[in-house]
Amino acid sequence: MIPALRIASLLLALVALGARAQDLQPIKDAGPYVPSPDSVVSDMLKLAEVGPADFVIDLGSGDGRIVLTAAKVFGARGFGVEIKDELVRKSNEAAKNEGIAGRVKFFKRDLFKTDISQATVLTMYLLPDTVNLLKDKFLAELKPGTRVISHDYPLTGWIPEKYVQMDLEDKVQISGVTTTLIYLYVIPAKVAGRWSAKMPPAVARQASLELRQQLTKVSGSARLDGRDVPLEDVKLRGDRLSFKLAGRKGEFTGQVKGKSIEGSFSGGGPKSAWSATLGS
Ligand SMILES: C[S@@+](CC[C@H](N)C(=O)[O-])C[C@H]1O[C@@H](n2cnc3c(N)ncnc32)[C@H](O)[C@@H]1O
């Protein structure tokens, strides 16, 4: 074999070996099988405002109750992933018996290696260290606006949009206490950076925005015709951004679509359009 070909085949063999090594890694146990009580399942799905347009993914789906209820009661589609064969079989059988097998599926799959990008709602009832190991995966794979619901354990450092706390006798045999918590998070769009902006003429002829972001917390300033003006009341929920200009009337709202923002400005009179493009 000529040297260049030998090197290429050696590289291919190494890549194949790397992929196999990753597949051979032991599956991390993200938590024992403990089903969420039915009332908690219902409260989780209500808190996420699940509806027919939603695609629900449950990580560590147990007997499938969260995804099954999302489909049966709330009209959603989705899938669950679970490592225990018997639970996967039972969940698919229940879906078939309920007549919803066309809308929900259960797979024997490691949750850490599952592509979750299809979710509009992601649910989990997993060990506290596991939910925190998943944070980077959520930010990398989930679309802005995706609702993440965690039963009992919070994502450390993330501010929940809502949470509910209740006491349930059913929980005593699971966790030793009656306290039950459900956290709702909304995946924020990525807005950090310098945006060149087109503002209504009454606001500025030349404009840019400088945004800083830590998850859902956003701050920054606008440069309007050569003058820096701090932003106030900056809010980011999913892909929806809103802010005010310090010392001026009116509010800007907009939708973040990747590297562009399109929105409207209401300053008392008729609304006018504004837009921004990242990095130019
Ligand atoms: C606490 S139970 C929750 C079951 C269900 N989500 C519910 O709330 O009723 C956690 C489930 O995760 C499963 N599990 C643990 N590690 C996993 C992994 N790496 N990949 C997929 N499932 C896993 C367990 O087998 C168990 O059924």
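Order of listing sets the numbers, starting from 1, for every ligand and every atom in it. Position 1 is the first residue of the sequence; numbering continues from there.
Proximity of a side-chain donor or acceptor of Thr146 to a complementary backbone N or O of Leu142 within less than 3.5 Å is not detected. A distance-only check finds a donor-acceptor pair linking the side chain of Gln213 to the backbone of Val191 [under 3.5 Å]. Not a single donor-acceptor pair under 3.5 Å links the side chain of Ser260 to the backbone N or O of Val256. Between the side chain of Lys162 and the main chain of Ala48, no donor-acceptor pair closer than 3.5 Å is present. Using a distance-only test at 3.5 Å, with no hydrogens or angles considered, no donor-acceptor pair links the side chain of Lys217 to the main chain of Arg212.
Counted by atom type alone, Asp225 and Gln206 present zero donor-acceptor pairs between their side chains at under 3.5 Å.
Counting non-hydrogen atoms of other residues, nucleotides and ligands closer than 6.0 Å to NZ of Lys137 gives a total above 12. Atom CD of Glu98 has more than 12 neighbouring heavy atoms from other residues, nucleotides or ligands inside a 6.0 Å radius. Counting non-hydrogen atoms of other residues, nucleotides and ligands closer than 6.0 Å to NZ of Lys143 gives a total above 12.
A salt bridge links Arg237 to Glu161: at least one charged side-chain nitrogen sits closer than 4.0 Å to a carboxylate oxygen. One finds a salt bridge joining Asp129 and Lys28 here, because a Lys/Arg side-chain nitrogen approaches an Asp/Glu carboxylate oxygen to under 4.0 Å. Salt-bridge check for Arg77 with Asp54: failed, with every basic side-chain N at 4.0 Å or more from each acidic carboxylate O.
Among all non-hydrogen protein atoms, the one lying nearest atom 21 (C) of ligand 1 is Arg109 O, 3.3 Å. In terms of protein heavy-atom proximity, atom 24 (C) of ligand 1 is closest to Gly31 O, 3.3 Å. The single protein non-hydrogen atom nearest to atom 8 (O) of ligand 1 is Ser36 OG, 2.6 Å, given as residue, atom name and distance. Nearest to atom 25 (O) of ligand 1 among the protein's heavy atoms is Glu82 OE2, 2.6 Å. Among protein heavy atoms, atom 20 (N) of ligand 1 sits closest to Leu111 N, 2.9 Å. Here the heavy atom of the protein found nearest to atom 19 (N) of ligand 1 is Lys28 O, 2.8 Å. Counting protein heavy atoms only, atom 4 (C) of ligand 1 is closest to Gly60 O, 3.3 Å.
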Glu86 and Arg89: salt bridge (Lys or Arg N to Asp or Glu O under 4.0 Å), yes or no, with the steps? CA-CA 5 Å; Glu86 182 51 21; Arg89 194 194 57 71; 2.7 Å; yes

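Among the atoms of Asp63, none of the N or O lies under 3.5 angstrom from an N or O of ligand 1. Where the criterion is an N or O separation shorter than 3.5 Å, residue side chain and backbone included, Tyr125 fails it with respect to ligand 1. Between Leu59 and ligand 1, no N or O atom pair is found at a separation short of 3.5 Å. For Tyr33, no nitrogen or oxygen atom sits less than 3.5 Å from a nitrogen or oxygen atom of ligand 1, counting backbone and side chain alike. Considering both main-chain and side-chain atoms, Ala30 comes within under 3.5 Å of ligand 1 through a nitrogen or oxygen pair.
Closest heavy-atom approach to atom 23 (C) of ligand 1 among the candidates Ile83, Leu127, Val41: Ile83.
Between Phe79 and Phe107, the ring-plane angle classifies as perpendicular under the 30° and 60° cut-offs.
For ligand 1 and Asp110, the ligand atoms under 4.0 Å from any heavy atom of the residue are 18 (C), 19 (N), 20 (N). Atoms of ligand 1 found under 4.0 Å from any heavy atom of Lys84, numbered from 1 in the order shown, are 25 (O). The contact set between ligand 1 and Asp29, taken as ligand atoms under 4.0 Å from a residue heavy atom, comprises 15 (C), 16 (N). Counting the atoms of ligand 1 from 1 in the order shown, those under 4.0 Å from a heavy atom of Pro35 are 9 (O). Set against the non-hydrogen atoms of Asp58, the atoms of ligand 1 under 4.0 Å away are 5 (C), 6 (N). Close approach of ligand 1 to Gly62 (heavy-atom distance below 4.0 Å) involves ligand atoms 4 (C), 27 (O). Remark: ligand 1 atoms within the under-4.0 Å shell around heavy atoms of Arg65 are 9 (O).
Under 4.0 angstrom from ligand 1, the non-hydrogen atoms of Ile66 all belong to its side chain. Contact annotation: for Ile27 versus ligand 1, heavy atoms closer than 4.0 Å belong to the side chain alone.
His151 does not count as a contact of ligand 1, since none of its heavy atoms falls under 4.0 Å from the ligand. At least one heavy atom of Pro32 sits less than 4.0 Å from an atom of ligand 1. Not close to ligand 1: Met124, with no non-hydrogen atom less than 4.0 angstrom away.
The shortest distance between side-chain heavy atoms of Thr216 and Tyr185 does not fall below 4.5 Å.
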